[in-house]
Student: 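Just dropping this structure here.
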Amino acid sequence: MIYLIVFVLLLIPVVKYDLMAKTGGEKWWYYSILVLLILFAGLRYRVGSDTLMYMSMFDECPKLDELKYFDFETAKYNPFWYIINAISRSIYDDFTLFQIIHATIVNSIFFWFFRKYCPKYYFTAILLYYLGYFCYFNMEIMRESLSICVLLLSTSFFLNKRWVPYFIMSAIGILIHYSAAIMIVLPLFYLFRRPSWKLLVVIFLSIIVIINIINLPELLLGLLGLNQQLIALIESYLYDDPPNAMGMLAEILKFLPILGMIWLREKHEVGDRFDFTPLIMGTVIFYAIALNFFIFGRFNNYFVPYIIIYIVNTIYYILNKEFRRYQISYMVGFFAFFVFLFNMSRFYTKDMSEAYPNTRAYIRYLPYYSVFNPVIDEHRERFVENDREVSIEF
């Protein structure tokens, strides 16, 4: 019920400011819903599967005065994660404060990003973020979401090709979570700055064919000069979750909205003040790779904020143009948008019976309990315990 109440509150400014183009009170709504989402995530009690894991390890993290004795080389996680935990524990030794600090960092940066790079329709971008990714970024991939925030803060460096500060920020992201290494390769996507939808399809299909013809991971790892033991370890991650028909279909469904949006933009020569095309191309490439190696789908988390803005700007272009309902542009745009919404809903509704019988993924977040009503949900606890045994920690 509380999720629905928050949804309605976030919907109000979307209707008033983005759809009806009213003015007055935007700042009040912006900061009010920011505080609301920070408190919503920060005051949760044992909600989110990764949250439970980080809670169990919180007391093992050093405080600030213990960092100088801490062995970062043998630690399970990256250095900056322990530093953030140390700051929190030194202020007040309770995981709730850490949740509040984490939620403040993540949501403040996401809100800032949407307001800066989607200035006309940022309330819609915030609503889509809430519907599809708020629980995931705040309650699930807590370490990785901080690295994603580093990328968002680096966006102006990326767009202006200021590579020295950009790569410094990349190093900071990697010191939080290794997946931030994707930031190092993002500049290569400037090679696809102005792709056509036809080129997009060719690239997507070509990557699929190449991956199935040659052992691409082994080739790349060999070129890097890694020893056989390390190659075997990395390949165990790549092949632990072998491709299946449903998983491949899911990746194709994620690709379709982007294809539709690029087709619309090419057809109508849509341009934005901020050109995210290189980053959008990056997600296409990783969707293609994820068809065979699902773990690569994790890297697409870094593209999510850019995809949201890309889709929001395109949809409002269609609305403002007032296409007739039978026109192909109207149909393609809204088909792509609804597939995008379907993909978001699938994350919460997919079957998780391999971890616990008759369980859907939303068990991670439903029911919601706060620190003011600290109830332990036994169904969720057992699910998380079993799910941890059958999943890869990245």
Side-chain angles (χ1 to χ4, degrees), residues 6-23 25-42 102-139 141 144-160 169 173 183 186 257-258 261 265 270-280 282-283 300-320 337 340-341 343-344 347:
V6 174
F7 167 74
V8 172
L9 290 174
L10 268 61
L11 183 62
I12 293 172
V14 170
V15 175
K16 182 177 180 180
Y17 300 114
D18 294 357
L19 291 173
M20 300 179 65
K22 302 289 186 181
T23 58
E26 293 95 330
K27 284 188 177 181
W28 184 89
W29 276 103
Y30 174 84
Y31 288 107
S32 294
I33 60 179
L34 171 59
V35 172
L36 173 65
L37 291 189
I38 289 173
L39 294 178
F40 190 27
H102 181 274
T104 300
I105 294 172
V106 171
N107 291 289
S108 295
I109 292 176
F110 268 79
F111 272 52
W112 163 84
F113 176 80
F114 291 138
R115 194 179 186 188
K116 178 174 181 179
Y117 293 102
C118 191
K120 291 184 178 180
Y121 312 115
Y122 56 85
F123 285 114
T124 302
I126 291 170
L127 180 62
L128 290 181
Y129 159 69
Y130 171 75
L131 287 174
Y133 305 99
F134 169 76
C135 291
Y136 186 53
F137 287 154
N138 283 269
M139 307 175 190
I141 56 168
E144 190 172 10
S145 63
L146 293 177
S147 291
I148 295 170
C149 287
V150 173
L151 174 60
L152 298 186
L153 293 173
S154 308
T155 300
S156 62
F157 300 141
F158 181 86
L159 295 178
N160 294 302
M169 294 293 284
M183 293 178 64
L186 291 185
I258 299 173
M261 295 300 165
R265 285 168 170 265
V270 181
D272 294 321
R273 178 184 172 190
F274 305 105
D275 186 9
F276 292 150
T277 303
L279 294 165
I280 300 304
T283 195
N300 283 310
N301 293 332
Y302 286 82
F303 301 110
V304 162
Y306 304 99
I307 295 172
I308 289 176
I309 290 178
Y310 203 74
I311 288 178
V312 166
N313 284 337
T314 308
I315 290 300
Y316 274 102
Y317 171 82
I318 295 173
L319 292 174
N320 293 334
F337 181 66
F340 177 70
L341 294 180
N343 290 334
M344 292 196 303
F347 170 75

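Note that this is a predicted model, so its numbers are computed, not measured.
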Student: To check you understand the geometry: which heavy-atom pair defines the closest contact between Met139 and Ala41, and what is its length?
Tutor: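 The answer is CE-CA, 4.4 Å.
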Student: Could you go step by step and tell me if Phe40 and Cys135 meet the side-chain contact (heavy atoms from CB on, under 4.5 Å) rule?
Tutor: CA-CA 10 Å; Phe40 190 27; Cys135 291; 5.9 Å; no
Student: Looking at Gly132 and Met344, what are the two nearest heavy atoms and their distance?
Tutor: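 Closest approach of Gly132 to Met344, heavy atoms only: CA-SD, 3.5 Å.
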Student: Working to the nearest 0.5 Å, report the span between CG of Leu37 and CG of Leu10.
Tutor: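 Reported value, rounded in 0.5 Å steps: 5.5 Å.
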Student: Just wondering, more than 12 heavy atoms not from Lys120 lying within 6.0 Å of its NZ?
Tutor: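 Atom NZ in Lys120 is not crowded, with 12 or fewer foreign heavy atoms closer than 6.0 Å.
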Student: Locate the shortest heavy-atom distance separating Tyr17 from Lys22; write the atom from each residue and the value.
Tutor: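 Shortest heavy-atom separation between Tyr17 and Lys22 comes out as CD2-O, 3.2 Å.
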Student: What are the two closest non-hydrogen atoms of Met183 and Ser154, and how far apart are they?
Tutor: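 Taking Met183 first and Ser154 second, the nearest heavy atoms are CE-OG, 3.9 Å.
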Student: For a side-chain contact (heavy atoms from CB on, under 4.5 Å) check, start with the C-alpha distance between Phe340 and Ile258, then their side-chain angles and the critical distance, and finish with the verdict.
Tutor: CA-CA 9 Å; Phe340 177 70; Ile258 299 173; over 6 Å; no
Student: Please list every donor-acceptor pair under 3.5 Å in which a side-chain atom of residues 103-114 meets a protein atom from a residue at least two apart or in another chain.
Tutor:
| unit_1 | atom_1 | unit_2 | atom_2 | d |
| --- | --- | --- | --- | --- |
| Thr104 | OG1 | Ile100 | O | 2.7 |
| Asn107 | OD1 | Tyr129 | OH | 2.7 |
| Asn107 | ND2 | Ala103 | O | 2.8 |
| Asn107 | ND2 | Asn138 | OD1 | 2.8 |
| Ser108 | OG | Thr104 | O | 2.7 |

Student: Rounded to the nearest 0.5 Å, what separates atom CG in Leu128 from atom CD1 in Ile308?
Tutor: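 Spacing of CG (Leu128) from CD1 (Ile308) equals 6.0 Å.
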Student: Measure the CG-CZ distance between Leu131 and Phe347 for me, rounded to the nearest 0.5 Å.
Tutor: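 With rounding to 0.5 Å, CG (Leu131) is 13.5 Å from CZ (Phe347).
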Student: Should Asn301 and Tyr136 count as side-chain neighbours, where that means a heavy-atom distance under 4.5 Å?
Tutor: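 Yes. Closest side-chain heavy atoms under 4.5 Å.
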Student: Step by step, would you call Phe303 with Leu151 a side-chain contact (heavy atoms from CB on, under 4.5 Å)?
Tutor: CA-CA 9 Å; Phe303 301 110; Leu151 174 60; over 6 Å; no
Student: Applying the ring-ring contact (aromatic ring centres under 6.0 Å, His included) test to Tyr316, which of Tyr121, Tyr122, Phe337 qualifies?
Tutor: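 Answer to the ring-ring contact (aromatic ring centres under 6.0 Å, His included) test with Tyr316 among Tyr121, Tyr122, Phe337: Tyr121.
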Student: Rounded to the nearest 0.5 Å, what separates atom CG in Leu279 from atom CG in Leu159?
Tutor: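 The CG atom of Leu279 sits 7.0 Å away from the CG atom of Leu159.
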Student: How close do Arg115 and Lys27 get, heavy atom to heavy atom, and via which atoms?
Tutor: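 For Arg115 versus Lys27, the nearest heavy atoms are NH2-CG, 3.5 Å.
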Student: What is the distance from atom OG1 of Thr283 to atom CD1 of Ile307, rounded to the nearest 0.5 Å?
Tutor: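 One finds 3.5 Å between OG1 of Thr283 and CD1 of Ile307.
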Student: Using the ring of each side chain (for Trp, its six-membered ring), is Tyr130 parallel, tilted or perpendicular to Phe134, with breaks at 30° and 60°?
Tutor: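 Ring orientation, 0 to 90° scale: tilted.
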Student: Please tell me whether Tyr310 and Phe276 form a close aromatic pair, meaning their ring centres lie under 6.0 Å apart.
Tutor: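 Between Tyr310 and Phe276, the centre distance exceeds or equals 6.0 Å.
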Student: Quick one: does Pro278's side chain get under 4.5 Å of Leu186's, heavy atoms only?
Tutor: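 No; the side chains remain at least 4.5 Å from each other.
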Student: Quick check: does any side chain N or O of Thr155 sit under 3.5 Å from a backbone N or O of Leu152, one acting as donor and the other as acceptor?
Tutor: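 Looks like yes, one N/O pair under 3.5 Å.
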Student: For Pro119 and Tyr117, work out which heavy atoms get closest and say how close.
Tutor: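 Taking Pro119 first and Tyr117 second, the nearest heavy atoms are CD-C, 3.4 Å.
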Student: Can you tell me how far CD1 of Ile148 sits from CZ of Phe137, rounded to the nearest 0.5 angstrom?
Tutor: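 Spacing of CZ (Phe137) from CD1 (Ile148) equals 4.0 Å.
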